[in-house]
Amino acid sequence: MDQTLSDYDSPWKEALDHFFEDFAALLAPELYALINWTVAPVFLDTELQSIVPGSPNGRRYADKLIRLRRLDHGEAWVLVHVEVESGSQSDKSRARLAQRMFTYFYRIWDRYVRQVAGGEPSPRPVELDAHSTSFYSLGILTASAEGPSVLVYQQRLGKCHVYFRFPVVHLRRWEDDRASLIDLAALNPFAVVVMAQLDAQTRCGGQGRLVAKIELVRLLYQHRYDRRCVQQLFRIVDWMLSLPHDLEPCFKQAVGEIETEFNMPYVTSIERLGEARGLQKGLKEGLQKGRIEGHEKARQEYRDSAARLLSSMLERRFGQLPAWVAFHIAQAETETLQGWALKVLEAERLEAVFE
């Protein structure tokens, strides 16, 4: 699986979307203690995209802006900035990070915060009460093992002094305490995300990464996470610990054996969903190509490819296919094949796919 990270698309962003409360409990306990977690977090991706520019110089990072309810009933806007595989941190790189976090802070403040008294309200899509809204910035350095736990940005000229400080997590400090992460994972699934990130950075060889990936998948089942949690974590682990193509069959076999051992076939349903979505995407692209080029041959080729893939999916789910299935597939149009492929995911019996 492609591990390339963009400014708005990364496994870290997906992990924060699905497991933010667990993230805060594990990596930001100070913040966790201030928040009313009975109120669901609100992810402000649109607001953040309007403020934060694209990633400079190809830097790989993930940003999240989240609105939370404080225990004292006020609002907290939390900016999480994750530096992904950024290498060792120098004093200069930490200074640049501090300046960048300050820039994010004042842009959010300038764009959305208003004072309650005085002046006309500005026509902004979101307006925050400056007296009840707090801001919390947090940096996550995935490749850093040491350094200050708080970074500071300041400017001074005479009696004018700007001072901005925020906490930083050096993720590789967890490397020497793997046993604690495994124990914590029993109650906090974000510990699995941390282990996957550490393994992604330290296990570069294919075989070592394969072993690490299988160990993490086994952990998902040992801790008896529910189906949805297993599927979400599996996707994140699979993304972070991408394998060479020749090792994928070994990994799939190991996953199948783990699911059989625990009688929890959660991941295989992901594979079927991926196949169906891939089929749907291919069909759409193929039909568009056929319309643009006007080539009936191209349309037929895509239709035949869809039929072969559907047959493969059916055989994998239901075993050897009777003759009437081949007849139905041979007679069907491309759109019909697409619909049948999606039914394969949930159908309990073969006949239900064609009803």
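The figures here come from the full heavy-atom set of this structure, side chains too, leaving out hydrogens, waters and symmetry mates. The model shown is predicted, which means the values in this text are computed figures rather than measured ones.
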What are the two closest non-hydrogen atoms of [X] and [Y], and how far apart are they?
X: A15; Y: I236; value: CA-CD1, 3.6 Å
X: R209; Y: L243; value: CG-CD2, 3.7 Å
X: V230; Y: L220; value: O-CD1, 3.9 Å
X: L16; Y: F43; value: O-CZ, 3.4 Å
X: L48; Y: L65; value: CD2-N, 3.8 Å
X: S311; Y: I329; value: OG-CD1, 3.4 Å

Working to the nearest 0.5 angstrom, can you tell me the gap between [X] [atom1] and [Y] [atom2]?
X: L219; Y: H223; atom1: CG; atom2: NE2; answer: 3.5 Å
X: L151; Y: M101; atom1: CG; atom2: CE; answer: 8.5 Å
X: L181; Y: L198; atom1: CG; atom2: CG; answer: 7.0 Å
X: I214; Y: L247; atom1: CD1; atom2: CG; answer: 9.0 Å
X: I258; Y: Q222; atom1: CD1; atom2: CD; answer: 8.5 Å
X: S93; Y: R100; atom1: OG; atom2: CZ; answer: 9.0 Å

Quick one: do V192 and F19 satisfy side chain to side chain contact (heavy atoms under 4.5 Å, CB included)? Show the steps, please.
CA-CA 11 Å; V192 176; F19 302 103; over 6 Å; no
Any idea how F135 and F105 line up, ring-wise: parallel (<30°), tilted (30 to 60°), or perpendicular (>60°)?
perpendicular
Mutual orientation of the aromatic rings belonging to F190 and F23 [parallel < 30°, tilted 30-60°, perpendicular > 60°]
perpendicular
Residue of the set E261, E259, E257 for which salt bridge (Lys or Arg N to Asp or Glu O under 4.0 Å) holds with R218
E261
So, R70 and S134: side-chain donor and acceptor under 3.5 Å apart, yes or no?
yes
Quiz question: by atom type and distance under 3.5 Å, do the side chains of T142 and Q201 form a donor-acceptor pair?
yes
Per the side-chain contact (heavy atoms from CB on, under 4.5 Å) rule, which among V82, L171, L97 passes with L141?
L97
Does atom [atom1] of [X] have more than 12 heavy-atom neighbours, drawn from other residues, nucleotides or ligands, at distances under 6.0 Å?
X: H161; atom1: NE2; result: yes
X: D72; atom1: CG; result: yes
X: R165; atom1: CZ; result: no

Residue pair W174, L26: steps toward the side chain to side chain contact (heavy atoms under 4.5 Å, CB included) verdict:
CA-CA 11 Å; W174 287 95; L26 181 65; 4.0 Å; yes
Check for me, please, whether L187 and L233 land in the same ILVMFWY cluster - side-chain distances under 4.5 Å, paths through other members count.
no
Taking the side chain from [X] and the backbone from [Y], do they hold a donor-acceptor pair closer than 3.5 Å?
X: E75; Y: S132; result: no
X: W37; Y: Y32; result: yes
X: T336; Y: A332; result: no

Per the ring pair (Phe, Tyr, Trp, His ring centres under 6.0 Å) rule, which among F164, F166, W109 passes with F102?
F164
Should D91 and R94 count as an ion pair when the cut-off is N to O under 4.0 Å?
yes
Would you kindly check if the NZ (Lys) or CZ (Arg) of K213 is within the cone defined by 45 degrees around the ring axis of F251 and under 6.0 Å from the six-membered ring centre?
yes
Between K64 and E14, is a salt bridge (Lys or Arg N to Asp or Glu O under 4.0 Å) present by the stated rule, with each step listed?
CA-CA 10 Å; K64 274 291 179 183; E14 185 164 328; over 6 Å; no
Just wondering, do L68 and V42 contact through their side chains at under 4.5 Å, heavy atoms?
no
Which residues pass the salt bridge (Lys or Arg N to Asp or Glu O under 4.0 Å) test with D199, not counting sequence neighbours?
R178, R203
Step by step, would you call Q197 with W12 a side chain to side chain donor-acceptor pair (under 3.5 Å)?
CA-CA 9 Å; Q197 179 64 56; W12 265 92; 2.8 Å; yes
Pairs touching residues 20-43 that satisfy salt bridge (Lys or Arg N to Asp or Glu O under 4.0 Å), sequence neighbours left out:
none
